[in-house]
> 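Please read through the structure below; I'll follow up with questions.
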Amino acid sequence: MEQRYSPEAIEAKWQNKWEIEKSFKVCEDAGKPKYYLLEMFPYPSGKIHMGHVRNYSIGDVVGRFKRMRGFNVLHPMGWDAFGMPAENAAIQNKSHPAKWTAENIEYMRGQLKRMGLSYDWDRELATCDLAYYRWEQQLFLEMYAKGLAYKKSSFVNWCPSCATVLANEQVENGACWRCDSDVKQKELEQWFFRITDYAEELLEFTDKLPGWPERVLVMQRNWIGKSHGCEIDFPLANGNGAIRVYTTRQDTLFGATFMSLAPEHPQALTLTTPDRLSEVKAFIEKVKLTDKQKRTAEDFEKEGVFTGSFCINPATGLEMPVYLANFVLTDYGTGAVMAVPTHDQRDFEFARKYDLALQVVIQPEGERLDPATMTAAYVEPGIMANSGEFDGSSSIDAKELIAAWLEKSGKGKKTVNFRLRDWGISRQRYWGNPIPVIYCDSCGTVPVPAKDLPVVLPLDVAFTGEGGSPLAKLDAFVNVDCPVCGKAARRETDTMDTFVQSSWYFLRYCCPDFTAGPLDRDRVRYWMSVDQYIGGIEHAVLHLLYARFFTKVLRDLGYVAVDEPFANLLTQGMVIKDGAKMSKSKGNVVDPNGLINKYGADTARLFSLFAAPPEKDLDWNDQGVEGSFRFLNRLWKLVNDCLPLIQTARPVDPETLSDEARSLRRLVHKTIRKVSADIDERFHFNTAIAAIMELVNGIQAFASKKLPQNSALLREALESTLLLLYPFVPHFCEELWEKCGHQGGIELVGWPGYDPDAAADEELLIIVQVNGKLRGRITVPTDASEESVKAGALADDKVMAYLDGKSPRKIIYVPGKLLNIVV
RNA sequence: GCGGUGGUGGCGGAAUUGGUAGACGCACCAGCUUGAGGGGCUGGCGGGGGCAACUUCGUGAUGGUUCGAGUCCAUUCCACCGCACCA
């Protein structure tokens, strides 16, 4: 009779059943509320790690809970399958990225299935499948037609190790986000997505995403980097044109005494006088060779070179020497800065070094700055000085006044500037989605006509590891007739950034089998937006910004009806062990396979959910895993011991219960109430599990008492426990549920409701304080009046001792909770 | 420097609206069970004092508001994360 808890057999049994019956397959159903639940899809790197276990365990609790609650839950899974590691592995193993990727997917799919995750596997997709990326090519061409995809020559971030371009978002501390090599600057013709067209809306909607963590929104706002300022033209002294600057400090205009240009500024060389040419060229070369990270560090020595030219301050009419300066960034504002050494620290240091003029135009209140004795720039607000008609007003007002004066006089205009740059998507790599474009000597850049799509990524390619894209060496791919004029032309050999694929995969999940276009508008309309998205914080800017951009573009192309893709975002914490993030290099990884082999998937899931709330870092602890396993064993034994009682039990009759029995039943219904709220409202799975553990402790204590056993109550208590625990440990609960004599599975039963009467307290514990300190506890009937509670408290021996004969000055009563006697 | 998050027992963490600080679990200690190991069961477990009932202190620090503060306010220290020469 007694049977040990053996997860291996149980888990295989239920996983098999779910697979055969396609238990989690969904389609659109107008009769049910929909719930789109999504976890960030993995890169098929080889095998899953603990971060995946945690991410997908969190998701699965939500999915199973929502299904029990009657929602039509879309819960898909797929593979972010293009990318560099596949190519690198292919070079190393003399294999093929397609083979490596397919094998990894095969293996990792098996691992996910062993975790018992409730995905609709019929919707599985891999971004490297033609059935996926072909539609992305169509979307690219639609974006090209609208001017949202374009090509330009620019200085780009170049990773020499990966031999490819990186987006700004993929450069971390001047190094490649993937391989950590130093990133160099290189001038290349590149494809871009015009994300800057959406900068304003992307920013605006960060205030309309209440379901997102504040820090992610803040990071996105900072990344977009909107600022208000002015563009001002400084005429050249020789009368040949002007230099345009961007500034947010137009209030300091009268104090601008020289001009600083980025070394890459297009006017840098044309402004250089012949006598200065060799020195300027040497400076530009030097800056280009400097590592960008070092160059943009705050403490990097400010250096520059005089071009020999002068421009005119449009406010003062004074001549200003034009310098090139290493700290001026070419891709922010206009790449030219009006230098105000008295009120900007960088300009101050620069002016001191090159002995340039200083003019104070903002005086702190009650103080007079003297340029001769200043040791640092004064950057705070103050009173305007040396600024003509603006003298005497506050510098805060002067910002507006001078902006208005510039506009009126035609010398400048108010403008808004963004830090966000367009998204460079060209990658000089093979394992990606080919950019569907042809170059013709006569016709220029020609998009591949719709009838010729898709551009299939050829598989018969050699992986030598020598520089350059393998595609460029494949004549059969490169050489093509121009679709316009028919003459010999060349294909684009760059592929798209893998972040393009992950920018719309969640839309394709709505209709993965659709063959008439990228998206089935009706099905997308039914499912979108994603109700809950769950993933790592590392994508706070990259993926989550690109996906928002794509959703807005696809909305404007008529494919989707929503403004934002993800209504609620949960960023789960990292998995930590021995004080550091789990990683191969630290040698502190716990292999999910070993864990599942030893304890089963249910224990792995339970511990990863119990040890910390989802958004916090999880401190991995092998002994803690033992504790979770122990709990399941204890419950297993308890249910099995009670089976004979359960199987013959009738429904509970509240009228016949003893005091102990009513008390246990109260615990059952209170626990249902708490667990429901913890899962649904707060995603606090750790406290939900703790409450269930308390319930099990209570049931066990009751069952072990030598009381006449109440089979009806035990049945209600244990079966409620199984229902509550099901989202966390589904195999375990299904198995015991079946043993209790039920057929058809737990999800059909639905989430248990609680009986308010059964959960209601019969008497109340009132905390009695004297002067705010705990001095006694009294129990009173639930309907006790304030007067009777006060009388009861004052009559309490301990309370009386503390009152020491003094009469209360004031008595505060919090109904049903607490009484504070002030003396 | 700017922004965000956090600081509670030996450890992970509870305390949802300002109302019993330390739920639940881990580790540890004692006892029972078992041939031993393992496992299981029972009890204890913030610091100081006391045989004990009990008492006193205690949520990074300092001050404040309040009958009452882990929770609110001010100042401050520390840790982690993100951004950072952005004109």
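A note on names: the letters A, B, ... follow the listed sequences, proteins ahead of strands, and every chain is numbered from 1.
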> Apply side-chain contact (heavy atoms from CB on, under 4.5 Å) to A339(A) and list each qualifying residue two or more places apart in sequence or on a separate chain.
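By the side-chain contact (heavy atoms from CB on, under 4.5 Å) rule, A339(A) matches F258(A), S260(A), D347(A).
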> Counting just side-chain N and O atoms, does K773(A) come under 4.0 Å of either OP1 or OP2 of C57(B)?
yes
> According to side-chain contact (heavy atoms from CB on, under 4.5 Å), who are the partners of A691(A), at least two apart in sequence or on a separate chain?
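Result, side-chain contact (heavy atoms from CB on, under 4.5 Å) vs A691(A): T671(A), K674(A), V675(A).
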> Looking at side-chain heavy atoms only, is the closest gap between R682(A) and T687(A) below 4.5 Å?
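R682(A) vs T687(A): side chains touch.
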> Under a 3.5 Å cut-off for both contacts, is C41(B) paired Watson-Crick or G-U wobble with anything, and if yes, with which nucleotide?
G31(B)
> Start at the 5' end of RNA chain B and walk down; is the nucleotide closest to S227(A) or to K810(A) reached first?
K810(A)
> Can you tell me how far C1' in U16(B) sits from the matching atom in G60(B), rounded to whole Å?
25 Å
> Which base, if any, makes a Watson-Crick or G-U wobble pair with G46(B), both distances under 3.5 Å?
C57(B)
> Measuring centre to centre across the rings, with the benzene-like ring taken for any Trp, is F350(A) within less than 6.0 Å of Y323(A)?
yes
> Please confirm whether any donor atom in the side chain of K674(A) sits under 3.5 Å from an acceptor in the base of U16(B), or the reverse.
yes
> Please work out whether G70(B) sits syn or anti, treating a glycosidic angle within 90° of 0 as syn.
anti
> Could you tell me the Watson-Crick or G-U partner of A23(B), where both distances fall under 3.5 Å? Say none if there is no partner.
none
> Rounding to a whole Å, what distance do you find between D622(A):CG and C11(B):C1'?
14 Å
> How is P613(A) classified with respect to the nucleic acid when contacts are heavy atoms under 4.0 Å: base, sugar-phosphate, or nothing?
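Touches sugar-phosphate only.
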> Please, which pairs that meet salt bridge (charged side-chain N to carboxylate O under 4.0 Å, His left out) have at least one residue in residues 216-232 of chain A, sequence neighbours excluded?
E200(A)-K226(A), D207(A)-R221(A), E214(A)-R221(A), E231(A)-R244(A), E231(A)-K413(A)
> Across the strands shown, which category fits R421(A) at heavy-atom distances under 4.0 angstrom: base, sugar-phosphate, nothing?
nothing
> Using the C1' atom in both, what is the distance from G70(B) to G19(B), to the nearest Å?
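It comes out at 13 Å once rounded to the nearest Å.
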> Among residues at least two apart in sequence or on other chains, which ones pass ring-ring contact (aromatic ring centres under 6.0 Å, His included) with Y332(A)?
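Y332(A) satisfies ring-ring contact (aromatic ring centres under 6.0 Å, His included) with no other residue.
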> So which of Y599(A), F629(A), F631(A), W620(A) actually passes ring pair (Phe, Tyr, Trp, His ring centres under 6.0 Å) with F607(A)?
W620(A)
> Taking only nitrogen or oxygen atoms into account, show me every contact under 3.5 Å that the protein makes with nucleotides 81-83 of chain B, one pair per line with its distance.
none

> Is it the case that the side chains of N640(A) and R4(A) hold a donor-acceptor pair, with the cut-off being a distance below 3.5 Å and no angle test?
no
> Write out a two-atom table: protein N or O, nucleotide N or O from nucleotides 42-50 of chain B, distance below 3.5 Å.
none

> Roughly how many Å is it from CZ in F234(A) to C1' in A87(B), rounded to a whole number?
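Going from F234(A) (CZ) to A87(B) (C1'), I get 11 Å.
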> Say you pick atom P in C41(B) and the same atom in G58(B); how far apart are they, in whole Å?
38 Å
> In whole Å, I'd like the distance from the CG atom of D344(A) to the P atom of C85(B).
13 Å
> From NZ of K637(A) over to C1' of G40(B), roughly how many Å is that when rounded to an integer?
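Atom NZ in K637(A) sits about 8 Å away from atom C1' in G40(B).
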> Rounded to whole angstrom, note down the C1' distance from U59(B) over to A14(B).
13 Å
> So, using ring-ring contact (aromatic ring centres under 6.0 Å, His included) as the criterion, who are the partners of F728(A) when residues are at least two apart?
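Applying ring-ring contact (aromatic ring centres under 6.0 Å, His included) to F728(A) gives none.
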> Between G10(B) and G4(B), how far apart are the two P atoms, rounded to whole Å?
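Those two atoms are separated by 32 Å.
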> For F683(A), enumerate each residue passing the ring-ring contact (aromatic ring centres under 6.0 Å, His included) test, keeping only those at least two apart in sequence or located in another chain.
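Partners of F683(A) by the ring-ring contact (aromatic ring centres under 6.0 Å, His included) criterion, ordered by chain and then number, come out as F685(A).
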> Which parts of nucleotides 18-27 of chain B does protein reach within less than 4.0 Å, heavy atoms only, written one letter per nucleotide 5' to 3' as B for base, S for sugar-phosphate only and - for none?
-BB--BBSSS
> So which nucleotide does A87(B) pair with, by the Watson-Crick or G-U wobble rule with both distances under 3.5 Å?
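Pair assignment: A87(B) / none.
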> Please name the nucleotide paired to C2(B) by Watson-Crick or G-U wobble geometry with both distances under 3.5 Å, or report none.
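C2(B) is paired, partner G82(B).
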> Looking at U56(B), I'd like to know if its phosphate oxygens (OP1 or OP2) sit under 4.0 Å from a side-chain N or O belonging to R775(A).
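Indeed, a polar side-chain atom of R775(A) lies that close.
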> Tell me every residue that passes salt bridge (charged side-chain N to carboxylate O under 4.0 Å, His left out) with R775(A), counting only those two or more places apart in sequence or in another chain.
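Salt bridge (charged side-chain N to carboxylate O under 4.0 Å, His left out) list for R775(A), sorted by chain: empty.
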> For P815(A), enumerate each residue passing the side-chain contact (heavy atoms from CB on, under 4.5 Å) test, keeping only those at least two apart in sequence or located in another chain.
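In terms of side-chain contact (heavy atoms from CB on, under 4.5 Å), with neighbours along the sequence ignored, P815(A) is linked to Y813(A).
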> Using purine N1 to pyrimidine N3 plus N6-O4 or O6-N4 for Watson-Crick, or N1-O2 and O6-N3 for G-U wobble, both under 3.5 Å, which nucleotide pairs with A69(B)?
none
> If you pin R249(A) and D617(A) to their nearest nucleotides in RNA chain B, which one's is more 5'?
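Of the two residues, D617(A) wins.
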> Taking any strand in view, what nucleotide pairs with G18(B) in a Watson-Crick or G-U wobble way, both distances under 3.5 Å?
none
> Test of understanding: with ring-ring contact (aromatic ring centres under 6.0 Å, His included), list the residues that count as partners of F234(A), not counting sequence neighbours.
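Not a single residue meets the ring-ring contact (aromatic ring centres under 6.0 Å, His included) criterion with F234(A).
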> Looking only at atom C1', what distance separates C86(B) and G63(B), rounded to whole Å?
39 Å
> Round to the nearest Å and state the distance from L618(A) atom CG to C80(B) atom C1'.
17 Å
> Specify whether Y378(A) and H343(A) have parallel, tilted or perpendicular ring planes, treating 30° as the upper limit for parallel and 60° as the lower limit for perpendicular.
perpendicular
> Using a heavy-atom cut-off of under 4.0 Å over every strand shown, decide if N633(A) touches base, sugar-phosphate, or nothing.
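N633(A): no heavy atom of the nucleic acid under 4.0 Å.
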> Given atom NE2 of H265(A) and atom P of C86(B), what is their separation to the nearest angstrom?
18 Å
> If you measure from the P atom in C2(B) to the same atom in U8(B), how many Å do you get, rounded?
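C2(B) and U8(B) have their P atoms separated by 25 Å.
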> Please give the distance between the P atoms of U33(B) and U20(B) as a whole number of Å.
42 Å
> If you compare every side-chain N and O of Y246(A) against the phosphate oxygens of C86(B) (OP1, OP2), does one of them come in below 4.0 Å?
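False: Y246(A) side-chain N/O out of range (4.0 Å or more) of C86(B) OP1/OP2.
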> Could you tell me how far apart L609(A) (CG) and G13(B) (C1') are, to the nearest whole angstrom?
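In whole Å, G13(B) C1' and L609(A) CG are 15 Å from each other.
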